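All remarks here apply to the structure that follows.
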There are 2 protein chains.
Amino acid sequence: MKFFEKLENITKCPVSYVLALQDTLNAFHGKWKMPIIGTLLFGKKRFKEIEREVRKITPRMLSQELKDLEVNGIVTRTVYNTTPVTVEYELTPSGRELHLVMESMITWGLQHRQTNIMENLPALNMPKQRALEI
Amino acid sequence: MKFFEKLENITKCPVSYVLALQDTLNAFHGKWKMPIIGTLLFGKKRFKEIEREVRKITPRMLSQELKDLEVNGIVTRTVYNTTPVTVEYELTPSGRELHLVMESMITWGLQHRQTNIMENLPALNMPKQRALEI
DNA sequence: AATACCACTATACTTAAGTATACTGATATA
DNA sequence: TATATCAGTATACTTAAGTATAGTGGTATT
C-alpha cells in the first residue's frame with residue numbers, strides 16, 4: 001500500500017487517514033503504553049506481572065493506562081474469582097497487530113541511527129519523560 | 001522483516017530495537033511534530049508557510065519543534081539572505097522515510113476502526129492535546 | 001499475632017508540555 | 001506616514017502528564 005505514491009499531485013491527505021494516524025498515535029500515547037503493549041506482545045499477563053516487568057511504573061499509572069488501552073479496544077481484561085482475585089490482561093487481535101507498526105518503527109529507527117551515526121546523533125534530544133525498557 | 005516471528009521463544013527484545021523504537025517515538029513526540037512532518041512530506045516550506053498550514057500552532061511551538069526535528073536529523077534548515085530573509089525547511093532523506101512508518105500507522109488505524117466500529121469506538125478516549133489537522 | 005499477597009484506589013504533589021500576548025529590526029507596500 | 005511581511009524571541013501563564021506515598025479488603029503464610 002503506497003499512500004503517498006503521487007505525493008506531487010496532492011496537497012492534503014484524506015480525513016480518514018488523519019483519523020487513522022490519530023488513533024495509532026493515541027494507542028502509544030504517553031510514557032508507558034509502548035512498554036505495556038510491548039510486554040503483552042509476549043503473552044497475556046496479570047497486573048502484578050506487568051508491574052514487575054515494566055520497571056518503575058507505579059500501580060496508579062499502570063491501572064490508568066490499562067483502562068485506556070481497554071476502552072480503545074487494544075487489551076481485554078478478564079477477572080477470575082480465585083482467592084485472591086486474578087486479573088489477566090491480553091492484547092486483542094487488533095492490539096496484536098500493533099507489532100507491525102512497531103516493526104516499521106524499529107526499521108526506521110535502526111536506519112536512522114545508521115545514517116546519522118557519523119554526524120551528531122549524540123546530540124539526539126529526547127523528551128524528558130520516556131521509559132521504554134521493554 | 002519479522003522481528004517478532006518467534007515470539008513464543010523470547011521474553012525480551014534486543015536493546016537496539018528499544019533504542020530504535022525510542023528514536024521513532026521521539027521523532028513524533030508531542031502535539032505538533034506529526035502535522036509538521038506531514039506537511040513537509042508534500043515539499044519543502046518556509047516558516048510562515050508551515051505556520052499557515054499547521055493550523056493553530058503558535059510561532060513559539062513551531063520554532064521549538066523545528067529545532068527539535070533539526071537536531072534529530074529529520075529536517076534541514078536553509079537560510080537565504082534575501083530581504084527579508086527566507087528560511088526553508090526540508091525533510092532529510094531519513095525524514096522522508098518516516099512516511100513508511102506513517103503508512104503502517106494509517107493501515108493499522110483504518111483496520112482498527114473497521115474491526116471496532118460495531119462495538120464502542122465512539123468511546124475512543126483521546127488525549128486532550130492532539131492537533132493533527134494535516 | 002504479624003506480615004505478605006493480590007489488584008488496585010485516593011490524595012497530594014511535581015514536572016513537562018503547550019498557550020497567550022507582545023515584541024524585534026529591516027524592508028516593502030499602500 | 002502607517003501598516004504589513006519575514007522569521008522568529010521573551011515573558012508569563014495554564015493545562016496535561018506523571019510521581020510519591022499511603023491505604024483498601026480478603027485470604028494465606030510464618
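No experiment lies behind these values; they were computed from the predicted model shown.
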Atom-to-atom span, [atom1] of [X] to [atom2] of [N] - whole angstrom:
{"X": "A:Arg77", "N": "C:dC8", "atom1": "CZ", "atom2": "C1'", "result": "9 Å"}
{"X": "B:Leu62", "N": "D:dA7", "atom1": "CG", "atom2": "P", "result": "10 Å"}
{"X": "B:Met34", "N": "C:dA17", "atom1": "CE", "atom2": "C1'", "result": "18 Å"}
{"X": "B:Ile50", "N": "D:dG8", "atom1": "CD1", "atom2": "P", "result": "9 Å"}
{"X": "B:Glu51", "N": "C:dT19", "atom1": "CD", "atom2": "P", "result": "13 Å"}
{"X": "B:Trp32", "N": "C:dG18", "atom1": "CH2", "atom2": "C1'", "result": "9 Å"}
{"X": "A:Leu66", "N": "C:dC8", "atom1": "CG", "atom2": "P", "result": "8 Å"}
{"X": "B:Gln64", "N": "C:dT19", "atom1": "CD", "atom2": "P", "result": "10 Å"}

Practice problem: Dump the intermediate steps for salt bridge (charged side-chain N to carboxylate O under 4.0 Å, His left out) on A:Arg46 and A:Glu88, then the final yes or no. | Solution: CA-CA 5 Å; A:Arg46 282 179 295 122; A:Glu88 268 188 355; 5.8 Å; no
Quick one: label [X] by what it contacts on the DNA or RNA (base, sugar-phosphate, nothing), any heavy atom closer than 4.0 Å.
{"X": "A:Thr86", "answer": "sugar-phosphate"}
{"X": "B:Tyr89", "answer": "sugar-phosphate"}
{"X": "A:Arg46", "answer": "sugar-phosphate"}

Quiz item: So do B:Met34 and B:Met105 actually touch side chain to side chain, heavy atoms under 4.5 Å?
Solution: yes
Quiz item: Are any of the side-chain heavy atoms of A:Val101 and A:Phe28 separated by less than 4.5 Å?
Solution: yes
Out of [options], whichever nucleotide has its closest atom nearest the side chain of [X]:
{"X": "B:Lys48", "options": "D:dA7, C:dA7, D:dT5", "value": "D:dA7"}
{"X": "A:Phe47", "options": "C:dC5, D:dG8, C:dA7", "value": "C:dA7"}
{"X": "A:Ser63", "options": "D:dT5, C:dC8, C:dA7", "value": "C:dC8"}
{"X": "A:Val87", "options": "C:dT9, C:dC6, C:dA7", "value": "C:dA7"}

[N] phosphate, OP1 or OP2: any side-chain N/O from [X] under 4.0 angstrom?
{"X": "B:Thr83", "N": "C:dA28", "value": "yes"}
{"X": "A:Thr58", "N": "D:dA20", "value": "no"}
{"X": "B:Lys31", "N": "C:dT19", "value": "yes"}
{"X": "A:Arg52", "N": "C:dA7", "value": "no"}
{"X": "B:His29", "N": "C:dA16", "value": "no"}
{"X": "B:Lys67", "N": "D:dT9", "value": "yes"}
{"X": "A:Arg60", "N": "D:dG23", "value": "no"}

Exercise. Show your reasoning for whether side-chain contact (heavy atoms from CB on, under 4.5 Å) applies to B:Thr39 and B:Ile50.
Key: CA-CA 7 Å; B:Thr39 201; B:Ile50 306 175; 4.2 Å; yes
Quiz prompt | Gap between atom OG1 of A:Thr76 and atom CD of A:Glu70 - 0.5 Å precision | solution = 7.5 Å
Quiz item: Mapping A:Met61 and B:Glu49 to their closest nucleotides on DNA chain D, which lands nearer the 5' end?
Solution: B:Glu49
Exercise. Answer yes when A:Glu51 and A:Lys48 have at least one side-chain N-carboxylate O distance shorter than 4.0 Å, and no when they do not.
Key: yes
